[in-house]
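Down below is the structure, laid out as structure tokens.
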Amino acid sequence: FQRRGKIDDDLLDELEETLITADIGVETTTRLIDHLRDQVKFQKKKGSTDINWLTDTLQSAIGEMIASENRSLKTGTEKPSVYLVVGVNGVGKTTAIGKLAWRFRSEGQKALIVAADTFRAAAIDQLAIWADRAGCDIVKGEEGVDPSSVVYNAVHAARAGQHDFVIIDTAGRLHNRANLMQELGKMARVIGREFPGAPHETLLVLDASTGQNALQQARQFTDTCGVTGIILTKMDGTAKGGVIIGIHDQLKIPVKFIGLGEKIDDLEPFEPEAFLKALFE
Amino acid sequence: NLQSRFAAIFGKLRSGKRVDERAVKEAVREVRLAFLEADVNYQATREFCRQIEEKALGVQVLAGLNPAQQVIKIVYDTMVEMLGGEKQNLTLMPGQQERIMLVGLQGSGKTTTAAKLAARLRQDGRKPILIAGDIHRPAAIKQLEVVGKQVGVPVFSMGTDVDPATIAKEGTKKAKADDLDTIILDTAGRLHIDEQMMAEVKRVRESWHPTLTLLVVDAMVGQDAVNQARHFHENLDLDGTILTKLDGDTRGGAAISVRYVTGKPIYFAGTGEKLSDFEFFHPDRMASRILG
Ligand SMILES: Nc1nc2c(ncn2[C@@H]2O[C@H](COP(=O)(O)OP(=O)(O)OP(=O)(O)O)[C@@H](O)[C@H]2O)c(=O)[nH]1
Ligand SMILES: Nc1nc2c(ncn2[C@@H]2O[C@H](COP(=O)(O)OP(=O)(O)OP(=O)(O)O)[C@@H](O)[C@H]2O)c(=O)[nH]1
Ligand SMILES: [Mg+2]
Ligand SMILES: [Mg+2]
């Protein structure tokens, strides 16, 4: 829409299409476009050719919606800091954990990753390969055992081994499966009971190509085990990940990291400015 | 929901009258909202609403019929049509070798679906073999071996240092030797904009000549579904789609995008993590689901 000459209703329609196509959702998009319309009136910008003013106004409105003081990972007062990684099937949890472990190692920290997905075919094998690549320790359980028992063992192993971080991989689960969500709630309680204050972060992994269902995922996972942050994966595709705007606005859950590929170093801290810029490309 | 919103809009019309234009416009606005909230593609929604408005304006309130119901029926029927009409069976030539290639984005459910499809086709009397064509993802081969074993279907692999085109070719030789007629190739997840990875799968297609190339799509994909479907279709000339994770509560508007862009049938629905959670795709059920 940079090619359009002036600020008018057609341009606002085009902006609406851009926002909806970025998966920002109807409700949030309507609020943003209404806000823009008000500003156009208030600042008497109708018919003006100052398109930059319009995009700046829009970007700063979105920027306000996703602003957060909690971008970095919370650490505990004593070692280890425990991070629980959750999310629906196939979004990139296991891969994100490999990347995080490698990142901690490159910062001189010792990580322990926990293969608490005791259900899916070759899940433990997959995480073990990441442990090898990241040069970190791993706790595995037997396939098919209660994941809470693996988590229990891991928390105790961590306290002995003087690890700085413990990152727990869980099986993908759809948020509308009550029994699977109960299993997750139990894991979170076991962690908290064995180590007060933990988990210090419960990270929801979201696939950037997910549509409006992402909001429901965030709601259900946060009701079950309190989500403290989001890892937004597969941002190296064409999807914009606009769903996180509504999630932030309504649930106050900040995006902490984004996944930009399948390699071990394809994880970066979330940069709101870069995200906003990419929305309009 | 849409039913009650329509009832409010059309409630006051008397039989014998034409449905008034203002009420239709208001109803179509509600439909547009419902579609976008259900992740139906923006452009497809626009086209769809245009068709619905045209049909709805022609409606005369039939005696004994409530106009809201008539317009709902137009919306529902238009959507079922957009999704392919009725369920489509995968017609495989009996006695002939079928080479089925599964492709799609990372994490969409290809490896799991490969085993589900193999089990289904064996129930239909075919003799399947699974080929491990993903040389990229950690433990992908092991994953296919485990699910293959779970459904009692043999798995052919050559490790991760051989290119997928060769693996497909060698796997086909093995199939012939063992008198197996249905070869299902699992491939690595890939982004439609990753030139190298799209080139890899095009090479497989050019040397292996699959009889069917199916795109595996996660039902919860949003507006990006159109991009995925378009690029994969342009590059590989898809024969159809399989929609996964329909046991979730996503409305699934991606189904429309995929059908709209490829013009090819959605053959199956993945409805769970168990290998038996595999059904025919039903356009009418999907239409109700999308409409909420
Ligand atoms: N392009 C891209 N692919 C990714 C990214 N993150 C993960 N993937 C890929 O997505 C696929 C699924 O990743 P996993 O880590 O197995 O996902 P998961 O959430 O653990 O899956 P389940 O345990 O089965 O629920 C793999 O092929 C990964 O390589 C990313 O940021 N970009
Ligand atoms: N609930 C549910 N989960 C599914 C379904 N199909 C696949 N899954 C799960 O989705 C996740 C990803 O499945 P995979 O088969 O590994 O996906 P993939 O496309 O092969 O992944 P990549 O090879 O990394 O691209 C796994 O946790 C599967 O168990 C389905 O229909 N319903
Ligand atoms: Mg995993
Ligand atoms: Mg796979």
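Numbered from 1 within each chain, the chains take letters A, B, ... in sequence-line order.
Only the side chain of A/Val91 comes within contact range of chain B, with at least one heavy atom under 4.5 Å from a heavy atom of that chain.
Aromatic ring centres of A/Phe275 and A/Phe270: separated by under 6.0 Å.
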Inset, instruction - Take B/Leu105 and B/Leu191 through the test side-chain contact (heavy atoms from CB on, under 4.5 Å) and record every step on the way to the result. - result: CA-CA 6 Å; B/Leu105 264 74; B/Leu191 292 176; 4.1 Å; yes

Inset, instruction - Before giving the answer on side-chain contact (heavy atoms from CB on, under 4.5 Å), spell out for A/Val26 and A/Ile20 the whole-Å C-alpha distance, their side-chain angles and the decisive distance to 0.1 Å. - result: CA-CA 7 Å; A/Val26 177; A/Ile20 300 250; 4.0 Å; yes

Inset, instruction - Could you walk me through whether B/Ile290 and B/Ile256 pass the side-chain contact (heavy atoms from CB on, under 4.5 Å) test, one step at a time? - result: CA-CA 9 Å; B/Ile290 294 175; B/Ile256 298 205; 3.7 Å; yes

Inset, instruction - Would you sort out whether A/Val114 and A/Val150 count as a side-chain contact (heavy atoms from CB on, under 4.5 Å), showing the intermediate values? - result: CA-CA 8 Å; A/Val114 182; A/Val150 180; 3.8 Å; yes

Distance-only check: which donor-acceptor pairs of chain B and chain A lie under 3.5 Å?
residue	atom	partner	partner atom	Å
B/Arg32	NH2	A/Glu16	OE1	3.1
B/Asp39	OD1	A/Gln212	N	2.9
B/Asp39	OD2	A/Gln212	N	3.3
B/Tyr42	OH	A/Glu16	OE1	3.2
B/Gln43	NE2	A/Glu17	OE2	2.8
B/Gln106	O	A/Lys234	NZ	2.9
B/Gln106	NE2	A/Glu262	OE2	2.8
B/Arg137	NH2	A/Gln126	OE1	3.4
B/Lys142	NZ	A/Asp125	OD1	3.2
B/Lys142	NZ	A/Asp125	OD2	3.1
B/His192	NE2	A/Thr238	OG1	2.8
B/Met220	O	A/Gly211	N	2.8
B/Gly222	N	A/Ser209	O	2.8
B/Gln223	N	A/Asp23	OD1	2.9
B/Asp224	OD1	A/Thr238	OG1	2.6
B/Asp224	OD2	A/Thr238	OG1	3.3
B/Lys245	NZ	A/Asn89	O	2.9
B/Asp247	O	A/Asn176	ND2	2.9
B/Asp249	OD1	A/His175	NE2	2.7
B/Asp249	OD1	A/Asn213	ND2	2.8
B/Asp249	OD2	A/His175	NE2	3.4
B/Glu273	OE1	A/Asn89	ND2	2.9
B/Glu273	OE2	A/Asn89	ND2	3.4

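With sequence neighbours left out, B/Ile72 forms a side chain to side chain contact (heavy atoms under 4.5 Å, CB included) with B/Leu2, B/Gln3, B/Phe6.
Counting heavy-atom pairs under 4.5 Å between each of B/Ile193, B/Val226, B/Val146 and chain A puts B/Ile193 at the top.
Ring orientation note: the planes of B/Phe278 and B/Phe268 are close to parallel, at an angle under 30° on the 30°/60° scale.
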